[in-house]
2 protein chains.
Amino acid sequence: MPQSNKKSMTLTTAEENYLKAIYHLSEGGKKGVSTNDVAAEMKTKPASVSDMLRKLGEKEVIEYRKYYGVHITDEGKKLALQTIRKHRLWEVFLVEKLNFAWDEVHEVAEELEHIQSPLLIQRLDAYLNYPKFDPHGDPIPDEFGDVRARPRVALNEMEVDQTGQIVAVKDSSAAFLRHLDKMGAYIGARIKVLDKVEFDGSLEILVDQKKTLFMSKDVAGNILVQQS
Amino acid sequence: MPQSNKKSMTLTTAEENYLKAIYHLSEGGKKGVSTNDVAAEMKTKPASVSDMLRKLGEKEVIEYRKYYGVHITDEGKKLALQTIRKHRLWEVFLVEKLNFAWDEVHEVAEELEHIQSPLLIQRLDAYLNYPKFDPHGDPIPDEFGDVRARPRVALNEMEVDQTGQIVAVKDSSAAFLRHLDKMGAYIGARIKVLDKVEFDGSLEILVDQKKTLFMSKDVAGNILVQQS
DNA sequence: TTTCGAATTTAGTCTTATCTAAAAATAAAT
DNA sequence: ATTTATTTTTAGATAAGACTAAATTCGAAA
């Protein structure tokens, strides 16, 4: 007997985490997500995943056909985006108000995102001045799950004299974020491509109309820019 | 085999809640706390409590003698005070930064207090400017569990011309807090007793050197003031 | 189309935290 | 000093979420 999701569907913390993982794995590819994929993402065993998929299927936040992986439903997508919204708002709070570094916020936000209080999130959003992007540059969905997805381009694909703002990194590992920091760049920085070296594809970048820096093609390829 | 609490003792969320309840029930009275008391406080059944007491006893955060109730240990008290510290810091945050009302914060703080991150609490404390009292006027323990317990007196017991700061209310029901608010008083307000009416014991109070208000003896008896 | 290997599910166990019902211990009263 | 009433504990169940080991299913290769 499927859960008639009349109004609100309540998920446990574990269910929220699985759904979020499934949502992330679904992004881009239109195809279903396999049990093994989810197990890897969640760092659990496939057997545990099978169990959870059955439960999420009953709650109709995913479509689950045994042996054929899962598709997230519209309802599921909405719930996943709500969790992601909470996660990213908390990240903004931690960085902007509590002076956490980019690479310190994930674990804590992972806990904070499960606090159940619509009012809290509403107020937090207002307090942070309705941010549209988190400290890694990922967009923050609104309360209906809508994302203001702005076009992005990898920095190494930009032409000389083009300008924009760094909004995200592809590989957001702590190591890379620290490297970025050391170079003098950061999420949110306004940049301009001053030169592209033909020899090795490296770039000369002007940051915040002040500092110039050089970066390899590989590093630049890992940086996403919203052009302006 | 008792848990050798060498360094850090980690408690689950449920264990933290039980320990906090036991700590609160222990306050004042030097005597032990009964299984039934804990069950009432936690809104669970005595059978569930027995089980939990055994576990908390093994972790040496309480002293548990079957059929004779529990005493909290020094280690347990320290842990309980850490949870209380987190709870009250979050309450300050909710009221001062997110504009929650006094009577809206408890439930949410009850969830937030279980977030595990010493750094988070450290930063939050600094961000809030190291508050010593929560929005209800209850003291916030420091990171070692020490409480700056300042002497308090009921407002109706103060003499004419004495001054102080409202730091707590005895009955912190939503109704009373709203009544206080409507009168123009609040936790943290600096007050001075202008007059005491002999006829009915009611008081005339100066709030923040601006507003005068009158309150009955009963209302004043419910307000705690730190004299200055 | 049969077989083989990888992926997936099922079955059974464990832990935490709860419950109900029944047993046992304490405390109080005759 | 017994009996009775209350409190507390034990025993056995349940539900969530995880695991291991065993069984099943799928799909690709021969």
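Since we're looking at a predicted model, the values are computed, not measured. Chain naming here is simple, since letters A, B, ... match the order of the sequence lines and numbering starts at 1 in each.
- One interatomic measurement links the two molecules: NZ of A:Lys59 to P of D:dA15, which rounds to 14 Å at whole-angstrom precision.
- Taking CG of B:Leu98 as the start and CD of A:Gln122 as the end, the distance is 11.0 Å to the nearest 0.5 Å.
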Sub-3.5 Å pairs of nitrogen or oxygen atoms, protein against nucleotides 2-6 of chain C:
none

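- The two residues B:Arg85 and B:Pro141 come nearest to each other via the heavy atoms NH1-O, 3.0 Å.
- Taking atom CZ of residue A:Arg54 and atom C1' of nucleotide C:dT9, one finds them 11 Å apart after rounding to whole Å.
- When rounded to the nearest whole Å, the span between NE2 of B:His114 and P of C:dA17 equals 12 Å.
- With rounding to whole Å, A:Glu58 atom CD is found 12 Å from D:dG17 atom P.
- Under the 3.5 Å distance criterion, with hydrogens and angles disregarded, no donor-acceptor pair is assigned to the side chains of B:Asp134 and B:His87.
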Report each atom pair, protein N/O against N/O of nucleotides 18-21 of chain C, whose distance is under 3.5 angstrom.
from   : atom 1 : to      : atom 2 : distance (Å)
C:dT18 : OP2    : B:Tyr18 : OH     : 3.3
C:dC19 : OP2    : B:Lys45 : N      : 3.1
C:dC19 : OP2    : B:Ser48 : OG     : 2.6

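- For A:Asn36 and A:Ser34, the side-chain atoms include no donor-acceptor pair closer than 3.5 Å.
- A 4.5 Å side-chain heavy-atom check between A:Leu89 and A:Pro131 finds at least one atom pair inside the cut-off.
- Among the atoms of the strands shown, base atoms are found under 4.0 Å from some heavy atom of B:Ser50.
- Around NZ of B:Lys97, the count of heavy atoms belonging to other residues, nucleotides or ligands within 6.0 Å exceeds 12.
- Axis angle, first five pairs versus last five pairs of the helix from C:dT1-D:dA30 to C:dT30-D:dA1: 20°, rounded to 10°.
- Following rounding to the nearest Å, A:Tyr67 (OH) and C:dA7 (C1') show an atom-to-atom distance of 9 Å.
- B:Ile84 places a side-chain heavy atom less than 4.5 Å from the side chain of B:His24.
- By the 4.5 Å heavy-atom criterion applied to side chains, A:Glu143 and A:Ile121 are not counted as neighbours.
- In this structure, CG of A:Leu53 is placed 13 Å from C1' of D:dG17, rounded to the nearest angstrom.
- Spacing between atom CG of B:Leu56 and atom P of C:dT16 amounts to 12 Å, rounded to whole angstrom units.
- Rounded to whole Å, the distance from CZ on B:Arg65 to P on D:dT9 is 11 Å.
- Side-chain contact between A:Leu120 and B:Leu94 is present, with at least one heavy-atom pair separated by less than 4.5 Å.
- Note on A:Arg54 versus A:Glu58: salt bridge recorded, some NZ/NE/NH1/NH2 to OD/OE distance being below 4.0 Å.
- When distances run from any side-chain atom of A:Lys66 to the nucleotides C:dT9, D:dT9, D:dC26, the shortest one goes to C:dT9.
- In this structure, B:Thr12 reaches the C:dA17 phosphate: one of its side-chain N or O atoms is under 4.0 Å from OP1 or OP2.
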| So B:His114 and B:Glu16, side chain to side chain donor-acceptor pair (under 3.5 Å) or not? Walk me through it. | CA-CA 8 Å; B:His114 300 294; B:Glu16 272 184 6; 2.6 Å; yes
